[in-house]
Trainee: 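One structure, as structure tokens, below. Some questions next.
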Amino acid sequence: MSVSRLVVNRPVLFTILFVVLTGLGLFFYADLPVEMMPDVEYPMITVITTYTGAAPESVEKTITKPIEEALTSVTGVKELTSISSEGRSRVMLEFDFGTNLDTATNDIRDKLDRVKRNLPDDADTPLIRIFNSSSAPIMRIMVRGDRDLGELRYLSENKIEDRISQVDGVGDVSTYGGQQKTVQVELSQNRLDAYGITIAAIESALSRQNMELGGGDIESETKKYLVRTTGEFRNVEEIADTVVATCGGVDVKLSDLGEVFMGYKDKTSIASVNGIPGVYLSIQRATGANIVKVADGIYKKIEELKDYLPSDISLVIIRDNSNEIRDTLRELKTTLLQGLGLVVLVLFVFLKSLKSTVIISVSLPVAVLITIFAMYLCGFTLNMMSMTGLILGLGMILDASIVVLENVYQHLDKGESGKEAVINGSHEMIAAIIASTMTTVVVFLPFVFYKNQLDMIGQIMTDVIFTIIISVSVSLFVAIFLVPVLATKYFPVRNKVQKSDKISLIDRLRNSYRRGVQRAIKHRYIVIVLIIACFCGGIYMLTKTRIIFMPGMTSSNVALSVTLSPGTKLEDTEKFMLGLEDIVKKEVQDAGLKISGIESV
């Protein structure tokens, strides 16, 4: 029994199959991750080590050099670079595109475990970070209130960050701006000299007494008790009353040597909004999370925080990347729907049959939804590139169905019954449409095999290529298994009504085409010369065409990065950036929120 006869004789089975697949497409469409561009995983791993208070030369000698020597033997490293700055070391390892970064990360972690014992005791544990496009912030929220910047930062770090981190899909929340509270100790040099105490001795005494240790356990006849020594400082007064030395049999407290009070850490960075220093939250999404859904969840959480935070504290969204994504995808969806409408109109004009148009019109959205379901299973996201691939594949989706349907009408014209015409017409075209689909798929096979050699372009174009491959494969499935069912069970086809007394527009186009082909054959040498001339002209114009990585995109946001000479004071950097803001205010009249991030390096 042929496939076409099996399909026609089991219409309910295949109808249920396509209803289920279409329903799955609708269901998973809502869960399909949405973003502007595909996730691009740069083949670069950074090792960051913090060594507070160390000079750049010391960081390079004691941290950067040992780590570099250990990581040079990592498999697949293309280039290794490093940056040593005050209190921080960064070692960047670049790999070839296509490298398994998970395996590389494990290799790096093993190398770091061996070199840790050679690093200074005061240095923090090296951190390994892999950068990809999903690590960019998706939203920034300003914390505003009638309080000083220190209190605003405290509220942000201790009350707001944890709540926003609870939103499904949020990967990381960081606070910028303001000042961090810290206990400050101002010692008198005269008192230190009088008691003969050094700063190192004071630091050692505080470290010994600010700890919490387990003391084992005590067992009685009926119970067992755990013993714990609680020695951590709980407030500033306990720190001030700490005995740091004994001179002449007299205990010397820290308060005897100076003042102890709650202050703020020295500024190393400044964040301002519209020229006013402030505090804002930077939010990153988790890898693979739907940006639009994450943003919606954050909006809901902000509404909940209004009842939780003090009345004078408000949260203002100063940047939301999901808005740009919503606008772009909305335009693409509108384009897709317009394309669907035009396709249906063109089909009706050329097929001259309402039933044929309805059959194709039903199969088209079914194919699109099944394609979306397949994209979800393959791990693709709904972005500008995959939507472009879906739009490009829109025309190809219809080709196989139209070919099958037109061949069915050829058999109807021969006098066959509707059912036999559908079976014979679709069966005859199976080999042809499979060959046609495979030729389209084969065109993209070199890209699949050499994707890693194309570097970043290979990653960006993956969504377009595979969306087209999936869509044309689904169109073949629809043409073989859905169109015959629609043409026999739900929209039975009949012979087209021929009107011999009137020449249609299609007939005129056919006649014009026939005359054009006859003239081209008659003057074939001239046609060949024109084709060669056009081909050579195309090659020449290709050499003159400007080639760029990505086309220009209109954005409502403009970012300006300024690097001053090393050693520039933070105050001078702030003054320079405020001057730039004044220039922006004068030159760009309709500029909105202007965020400045100033960091001392």
Side-chain angles (χ1 to χ4, degrees), residues 331-332 335-336 338-352 360 384-403 406-407 410 429 431-451 453-473 475-476 503-554:
E331 291 295 326
L332 288 173
T335 303
L336 181 62
Q338 291 174 348
L340 289 172
L342 290 174
V343 165
V344 172
L345 180 61
V346 171
L347 286 173
F348 182 72
V349 172
F350 281 88
L351 294 180
K352 296 183 294 184
I360 302 299
M384 191 166 64
M385 303 305 290
S386 60
M387 288 288 288
T388 301
L390 195 58
I391 293 173
L392 291 175
L394 187 62
M396 292 185 250
I397 288 176
L398 300 174
D399 291 345
S401 298
I402 293 174
V403 169
E406 277 300 300
N407 198 52
Q410 293 293 329
M429 290 292 105
I433 59 178
I434 289 176
S436 174
T437 302
M438 288 301 102
T439 54
T440 303
V441 173
V442 167
V443 169
F444 298 110
L445 285 183
F447 174 87
V448 176
F449 291 133
Y450 297 101
K451 182 181 68 173
Q453 281 69 31
L454 297 174
D455 295 342
M456 191 181 298
I457 295 178
Q459 292 199 33
I460 293 177
M461 293 300 295
T462 296
D463 283 36
V464 177
I465 301 302
F466 278 94
T467 302
I468 294 176
I469 292 175
I470 292 171
S471 62
V472 297
S473 301
S475 71
L476 176 65
I503 300 178
S504 65
L505 175 63
I506 304 301
D507 293 333
R508 294 176 182 175
L509 291 175
R510 288 173 179 169
N511 294 333
S512 299
Y513 174 70
R514 185 182 296 108
R515 290 193 297 268
V517 171
Q518 290 173 349
R519 292 177 181 176
I521 295 174
K522 184 177 181 180
H523 304 88
R524 53 187 176 276
Y525 295 111
I526 297 176
V527 173
I528 292 173
V529 171
L530 289 175
I531 292 174
I532 294 175
C534 291
F535 177 74
C536 295
I539 295 177
Y540 174 76
M541 294 303 297
L542 182 62
T543 60
K544 300 295 182 180
T545 303
R546 187 167 61 97
I547 299 176
I548 59 176
F549 178 69
M550 289 288 288
M553 298 178 62
T554 303

Trainee: Under a 3.5 Å threshold, yes or no: a donor from one side chain and an acceptor from the other, between N511 and R514?
Mentor: yes
Trainee: If I take atom OG1 from residue T388 and atom CE from residue M461, how far apart are they, to the nearest 0.5 angstrom?
Mentor: 9.0 Å
Trainee: Side chain to side chain donor-acceptor pair (under 3.5 Å) with S512: which residues, sequence neighbours excluded?
Mentor: R515
Trainee: Which value, rounded to the nearest 0.5 Å, describes the distance between M541 atom CE and T543 atom OG1?
Mentor: 8.0 Å
Trainee: Which atom pair, heavy atoms only, marks the closest approach of V441 to S473?
Mentor: CG2-OG, 4.3 Å
Trainee: For a side-chain contact (heavy atoms from CB on, under 4.5 Å) with V464, tell me which candidate from M385, M384, M387 qualifies.
Mentor: M385
Trainee: Do L390 and S386 come close enough that some side-chain heavy atom pair is under 4.5 Å?
Mentor: no
Trainee: Hey, can you pull the donor-acceptor pairs under 3.5 Å for the side chains in residues 465-472, sequence neighbours left out?
Mentor:
{"unit_1": "T467", "atom_1": "OG1", "unit_2": "D463", "atom_2": "O", "d": "2.5"}
{"unit_1": "S471", "atom_1": "OG", "unit_2": "T467", "atom_2": "O", "d": "3.1"}
{"unit_1": "S471", "atom_1": "OG", "unit_2": "I468", "atom_2": "O", "d": "2.8"}

Trainee: What I'd like to find out is whether the side chain of L530 reaches to under 4.5 Å of the side chain of I526, using heavy atoms alone.
Mentor: yes
Trainee: Give, for atom CD of Q338 and atom CD of E331, the distance between the pair rounded to the nearest 0.5 Å.
Mentor: 8.5 Å
Trainee: Hey, what do you get for CG (D399) to OG1 (T440), rounding to the nearest 0.5 Å?
Mentor: 8.0 Å
Trainee: Is there a side-chain contact (heavy atoms from CB on, under 4.5 Å) between I539 and F535? Walk through the geometry before answering.
Mentor: CA-CA 6 Å; I539 295 177; F535 177 74; 3.3 Å; yes
Trainee: Looking only at non-hydrogen atoms, find the nearest pair between S475 and A400 and report the distance.
Mentor: O-CB, 4.2 Å
Trainee: Start with the C-alpha gap between V443 and F447, add the side-chain angles, then the distance that decides, and say whether side-chain contact (heavy atoms from CB on, under 4.5 Å) holds.
Mentor: CA-CA 8 Å; V443 169; F447 174 87; over 6 Å; no
Trainee: Mind listing the closest non-hydrogen atom pair of S401 and I360 along with its distance?
Mentor: CB-CD1, 3.6 Å
